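Heads up: the structure comes next, in structure tokens.
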Amino acid sequence: MATEVISRPEVRQTQCFIGGQWVPAQSGKTFDTLHPATEEVICQIAEGDAADVDLAVKAARDAFDNGPWRTMDARERGALMMKLADLIEEEIDELAALETLDNGKPINDSRNVDLPLTIDCLRYYAGYADKIHGQTIPVRGNFFTYTKKEPVGVVGQIIPWNFPMLMVAWKWGPALAAGCTIVMKPAEQTPLTCLRMARLAQKAGIPDGVINVVPGFGPTAGAAVVQHPGIDKVAFTGEYKTAQTIMADASQTLKRLTFELGGKSPNVVFADADLDAAAAGSHFGLYFNQGQCCCAGSRLFVEESVHDEFVEKLVGMNQSRVLGDPFDLATEQGPQVDQAQFDKILGYIERGREGGAECLTGGVRHGDNGYFIEPTLFDNVTDDMSIATDEIFGPVMSILKFKDMDELIERANNTFYGLAAAVWSRDIGKAHNLADKVRAGTVWVNCYDVFDAAAPFGGFKMSGIGRELGEEGLKNYLETKTVTVALD
Ligand code: ADP
């Protein structure tokens with residue numbers, strides 16, 4: 001079959017973006033960023049650390065304290081954000097290709113999922129810029145009391161590599177609408193699209209110093225963001241273990257913290273479900289983005305009576321899944337992002353086998369170049385196996401059988417995670433019952449991975465603190481100020 005292969009984009013931004021200037025790291029150091037499908041070095045990126053973060057915080061502080069971002073007409077602020085979204089849309093093909101180059105995700109996904117969601121999120125929050133206001137509050141006595149909603153200040157934003165551009169939009173959108181200024185640290189694996197977005201933000205007319213980007217590593221640049229006294233809030237997306245370090249590091253300055261962390265999400269298929277739809281949705285809910293999704297439906301609970309029939313459908317889909325060059329429009333699954341993730345996933349697969357789970361598809365590397373792993377399906381998984389308890393962040397699905405609802409709820413909730421859950425059933429009562437009882441921040445009924453900029457997303461338990469997206473996502477970037485005026 002002839003397929004169309006998209007050409008590789010040119011890389012233009014590789015330095016730190018501080019106060020509107022492109023600058024090398026103070027140390028002069030750089031690091032490589034790789035194309036995960038070939039393991040080739042794409043280019044060198046400035047390796048920022050505490051010194052660069054300090055300069056970025058000074059620029060962001062100045063832009064916050066001395067304006068004009070925070071003080072400008074809020075409608076104008078929204079218009080500049082709209083302009084940024086428009087510029088991204090104008091370069092949509094190139095940005096999608098850049099994302100695929102740095103992350104390895106199939107071009108079809110970056111072009112048709114990541115980019116549209118990125119643009120939509122920025123537009124959604126642009127619309128909020130002039131709709132942020134407080135209340136008037138009746139109080140005892142002859143006083144007039146009102147609240148104002150003010151930007152929290154300079155925010156540090158630390159993001160992962162699985163949806164590089166989209167995570168920028170989830171972070172910048174509410175921060176910019178609120179009037180905050182930003183020091184962002186993109187993931188060391190995928191800095192390219194974040195840097196390009198910074199360039200587009202400048203082109204859109206967002207004032208210098210409002211957005212600063214310091215690429216670098218977590219324990220150096222990331223930790224410096226968390227510890228810097230000039231930063232008021234940190235928003236972080238990544239692993240819960242990193243969040244534990246961040247929480248400890250932030251305690252000295254008592255920064256506001258929001259976390260969007262991992263998950264081990266239960267995806268429940270009842271016997272009365274539309275099994276074809278459930279199989280397709282479950283396949284998508286786990287293998288999409290090479291399984292590198294915090295909300296991946298990685299514990300697939302299947303009602304015993306339909307187990308065999310359902311598993312057969314899943315096996316068929318895995319066998320026909322197309323792995324290969326992520327620049328090929330026909331490719332459905334690309335490589336994992338790097339060697340460390342690749343090794344970690346293969347380690348879990350090994351432990352799954354050793355533990356007695358039955359590997360029905362995959363379980364091995366695909367090809368001999370790049371970090372590709374075949375879509376892997378484990379059957380006969382028990383709740384205590386590490387493939388059923390740990391976040392694998394790869395294309396590894398675990399099937400667990402269940403008999404009835406009570407047993408299921410207890411098992412579904414038996415995890416310290418609580419990010420997402422899904423249920424497939426034609427019985428509306430059953431579906432709502434599960435949605436009611438499962439301890440998770442998002443529940444999908446007869447669908448999976450449906451995201452919208454307006455719908456809050458985040459975790460119960462150790463899957464996070466606070467919500468992103470929607471109005472709740474905006475509130476994390478606002479302080480409430482109460483003003484009381486004596487009327488006599
Ligand atoms: P992953 O293992 O998926 O890369 P991490 O939680 O390690 O997830 O990384 C998410 C983001 O957190 C990355 O940008 C990374 O550089 C950053 N990071 C890692 N360690 C720290 C740390 N100690 N302090 C601040 N940021 C960190």
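Counting starts at 1 for both ligands and their atoms, following the listed order. Since we're looking at a predicted model, the values are computed, not measured.
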Can you list the atoms of ligand 1 that are under 4.0 Å from a heavy atom of [X]?
X	value
G238	6 (O)
I158	11 (C), 12 (O), 14 (O), 17 (C), 25 (C), 26 (N)
T237	10 (C)
A223	24 (N), 25 (C)

(request) Say whether H366 and E374, considering side chains only, have a donor N or O and an acceptor N or O under 3.5 Å apart. (result)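 The criterion, which ignores hydrogens and geometry beyond distance, is satisfied for E374 and H366.
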Specify side chain, backbone, both or neither for [X], according to which of its non-hydrogen atoms lie closer than 4.0 Å to ligand 1.
X	value
F236	side chain
E188	side chain
D249	neither

Please state which protein non-hydrogen atom is closest to [atom] and give its distance, to 0.1 Å?
atom	result
atom 6 (O) of ligand 1	T242 OG1, 2.7 Å
atom 23 (N) of ligand 1	T245 CG2, 3.8 Å
atom 2 (O) of ligand 1	E239 OE2, 2.4 Å
atom 14 (O) of ligand 1	I159 O, 2.8 Å
atom 18 (N) of ligand 1	G218 CA, 3.3 Å
atom 4 (O) of ligand 1	W161 NE1, 3.1 Å

(request) Apply the test side-chain contact (heavy atoms from CB on, under 4.5 Å) to residues W69 and R77: give CA-CA distance (whole Å), side-chain angles for both, the deciding distance (0.1 Å), then the verdict. (result) CA-CA 7 Å; W69 188 245; R77 206 162 60 230; 3.2 Å; yes
(message) Whether R111 and D93 form a salt bridge (side-chain N of Lys/Arg under 4.0 Å from carboxylate O of Asp/Glu) is what I want to check.
(response)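 So D93 pairs with R111 through a salt bridge.
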(message) So that I can tick it off, tell me whether K105 and D109 are bridged by a salt bridge, with the cut-off set at under 4.0 angstrom between side-chain N and carboxylate O.
(response)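 Here D109 does not pair with K105 in a salt bridge, since their nearest N and O are not under 4.0 Å apart.
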Do side-chain atoms of [X] reach the backbone of [Y] as a donor and acceptor pair under 3.5 angstrom?
X	Y	value
N289	G291	no
D54	A50	no
T181	V210	no
R439	N414	no

(message) Any protein heavy-atom neighbour for atom 9 (O) of ligand 1 (distance below 4.0 angstrom)?
(response)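 Answer no: nothing from the protein, no heavy atom, is under 4.0 Å.
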(request) Please confirm whether K461 makes a cation-pi placement over Y417, using NZ or CZ under 6.0 Å from the six-membered ring centre and within 45° of the ring normal. (result)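 No, a cation-pi geometry is absent between K461 and Y417.
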(message) With a 6.0 Å cut-off on the ring centroids, do W161 and F393 count as close?
(response)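 Distance test on ring centres: under 6.0 Å, yes.
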(message) I want to confirm something. Looking only at heavy atoms, which of G262, G222, C294, A224 is nearest to atom 25 (C) of ligand 1?
(response)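 Residue with the shortest heavy-atom distance to the ligand atom: G222.
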